[in-house]
Amino acid sequence: MIGIKEKNSFVTFSGDYVSKVTDFIDKYKREDIPTEDLSDEDIKICKSLDKIGYLDTSVVSSKETFNEFKKMGKVLFRICPKNSSSKAIGNNKFGAWAFILSAIFMAGFCYFNRNYMPANIDYVNMRIWEILLTIILFPPLIMAFHELGHCIAAWFQGVKIASISLGWFFIYPLVLVQYLGINLETQRQKLIVIAGGVYMNLLMAAIGVGLKAFFPTVFFGAVIDIWILANISTIITNVGLFGMTDGYFMFTTVVGVMDLRMKGYKYLNSKLRKARINSRNTYRLCGWLLIGLYLNGIVNIYIQINYISSLFHITKWIMYVVLSVFVALMSIKFLQRVKKAF
């Protein structure tokens with residue numbers, strides 16, 4: 001098993017070992033190899049790789065998993081830091097509790113100062129420069145802060161950053177961070193790194209609320225309200241469990257199945273075709289969990305649209321039309337992936 005290298009939700013093998021390793025695991029999964037012929041270490045390795053997922057290094061074939069980040073958008077260039085890890089000053093119980101308690105403090109600060117949270121946004125009277133600022137600058141800025149939160153959390157936990165990719169998703173800039181060997185780290189380290197983005201958005205929202213509370217004559221109006229709204233909206237999106245969200249990766253980290261979506265789609269596809277899949281209970285569980293994540297996605301979309309429409313005073317029928325469009329698009333994409341088994 002020499003040459004294993006893991007990034008994010010997939011494992012790659014050195015080219016010299018790909019065919020032997022993948023063939024061995026395939027035979028193990030098909031139960032072509034009697035378990036009595038395997039050592040305890042062999043069984044442990046097979047179960048571990050079957051759980052995490054593995055990827056053939058060749059261009060065409062892939063085994064049981066995928067690089068989810070390739071589906072996010074068009075990458076323009078990638079930065080690969082040479083020295084991206086620290087001495088893990090926060091990789092201990094004190095660091096974990098400091099992270100959790102500070103997040104609770106910021107959430108409590110926003111709650112106790114909820115009178116300064118956006119109640120309605122007067123977009124009608126916004127000036128041109130304010131509109132351009134919130135539409136053009138805020139989205140990439142908030143995404144940059146979100147990814148910065150992941151980077152700081154990784155540095156705090158001593159997790160190496162493999163690359164920082166910059167690109168485009170639809171019309172907006174895209175920033176993505178990939179880590180080196182994160183699935184080999186402890187569950188606590190992984191959860192803190194994944195939650196780092198939401199933590200930063202919570203900090204940005206708390207700063208916005210604080211500016212309104214302590215400097216009301218300077219910071220007021222639609223711009224600061226939209227800044228707070230955008231960060232809260234980003235938090236709501238990322239605590240959702242369906243799709244490419246921090247919530248999904250935290251969920252898979254807790255349950256310990258890093259390629260949950262792949263196995264879930266594979267199981268649902270087999271049921272759709274009424275075909276038998278050579279799988280154990282893991283695939284069945286992933287299939288039902290995936291349906292639960294899909295329903296969670298619908299609830300998340302409703303919360304988002306309802307929250308935003310209430311702030312901008314959008315009529316209910318428009319809100320439900322927008323909600324129906326989003327749910328329809330998500331459902332079509334979900335069924336397409338079930339049909340293709342991703």
Side-chain angles (χ1 to χ4, degrees), residues 90 94-127 129-153 155-156 172 175 191-241 245-247 250 296 299-316 319 323:
F94 175 79
W97 278 110
F99 182 87
I100 294 170
L101 292 176
S102 58
I104 293 174
F105 173 80
M106 289 187 293
F109 176 81
C110 292
Y111 176 78
F112 289 112
N113 290 279
R114 58 187 179 277
N115 291 335
Y116 296 97
M117 296 285 283
N120 63 80
I121 295 177
D122 185 18
Y123 61 92
V124 175
N125 295 315
M126 288 179 68
R127 287 167 286 189
W129 72 267
E130 292 177 325
I131 296 173
L132 295 176
L133 178 70
T134 55
I135 293 177
I136 297 175
L137 185 61
F138 276 14
L141 191 60
I142 288 171
M143 176 174 285
F145 275 120
H146 179 89
E147 297 302 326
L148 178 63
H150 288 304
C151 291
I152 293 175
W155 177 84
F156 195 63
Y172 287 112
V175 183
L191 289 174
I192 290 178
V193 172
I194 296 169
V198 170
Y199 182 95
M200 183 61 77
N201 289 126
L202 181 59
L203 175 61
M204 292 297 106
I207 289 174
V209 172
L211 290 175
K212 285 187 67 177
F214 297 115
F215 306 99
T217 58
V218 179
F219 296 95
F220 63 93
V223 173
I224 190 69
D225 283 340
I226 291 176
W227 173 258
I228 297 171
L229 161 66
N231 278 283
I232 293 175
S233 180
T234 303
I235 293 171
I236 295 173
T237 297
N238 278 281
V239 297
L241 303 178
T245 66
D246 294 338
M250 292 184 72
N296 172 269
V299 173
N300 188 277
I301 291 175
Y302 171 79
I303 293 173
Q304 287 264 40
I305 294 177
N306 185 58
Y307 174 58
I308 294 173
S309 63
S310 66
L311 294 180
F312 285 92
H313 301 289
I314 299 173
T315 56
K316 286 290 183 181
M319 185 197 82
L323 176 65

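Numbering of residues begins at 1 and proceeds along the displayed sequence.
Among pairs with a residue in residues 218-240, those fulfilling salt bridge (Lys or Arg N to Asp or Glu O under 4.0 Å) read Lys212-Asp225, at least two apart in sequence or across chains.
Each of Ile232, Leu311, Leu229 was scored for a side chain to side chain contact (heavy atoms under 4.5 Å, CB included) with Met117, with one residue passing: Ile232.
Pairing each heavy atom of Gly247 with each of Leu241, the nearest pair is O-CD2, 3.4 Å. Across Cys110 and Ala206, no two heavy atoms sit closer than the pair SG-CA, 3.6 Å. In terms of heavy atoms, Ile194 sits closest to Met250 at CG2-CG, 3.2 Å. Nearest approach of Met200 to Gly149, heavy atoms of both residues: CB-CA, 3.8 Å. Closest non-hydrogen pair, Leu202 versus Ala103, comes out as CD2-O, 3.4 Å. Between Thr245 and Gly240, the shortest heavy-atom distance links the atoms OG1-O, 2.6 Å.
Looking at residues two or more places apart in sequence or on another chain, you find no salt bridge (Lys or Arg N to Asp or Glu O under 4.0 Å) involving Asp246. A search for ring-ring contact (aromatic ring centres under 6.0 Å, His included) contacts involving Phe99 returns Tyr199, not counting sequence neighbours. Considering only residues two or more places apart in sequence or on other chains, Phe105 meets the side-chain contact (heavy atoms from CB on, under 4.5 Å) condition with none of them. Phe138 is linked by a ring-ring contact (aromatic ring centres under 6.0 Å, His included) to Trp227, counting only residues two or more places apart in sequence or in another chain. Taking the ring-ring contact (aromatic ring centres under 6.0 Å, His included) definition, one finds that Tyr123 meets it with Phe312, sequence neighbours left out.
Looking only at side-chain heavy atoms (C-beta outward), Met204 and Ile207 come within less than 4.5 Å of each other.
The structure places CE of Met143 at 10.0 Å from CG of Asn201, a figure rounded to the nearest 0.5 Å. Distance check, rounded to the nearest 0.5 Å: CD1 of Ile314 to CG of Asn306 gives 10.5 Å. Going from atom CZ of Phe145 over to atom OG1 of Thr234 covers 12.5 Å, rounded to the nearest 0.5 Å. Residue His146 holds its NE2 atom at 10.0 Å from CD1 of Ile235, rounded to the nearest 0.5 Å. Atom-to-atom distance recorded for Asn296:CG and Ile303:CD1 is 8.0 Å, nearest 0.5 angstrom. For the atom pair Met319 CE and Tyr302 OH, the distance stands at 5.0 Å (nearest 0.5 Å).
In this structure, the side chain of Ser309 engages the main chain of Ile305 through a donor-acceptor pair within 3.5 Å.
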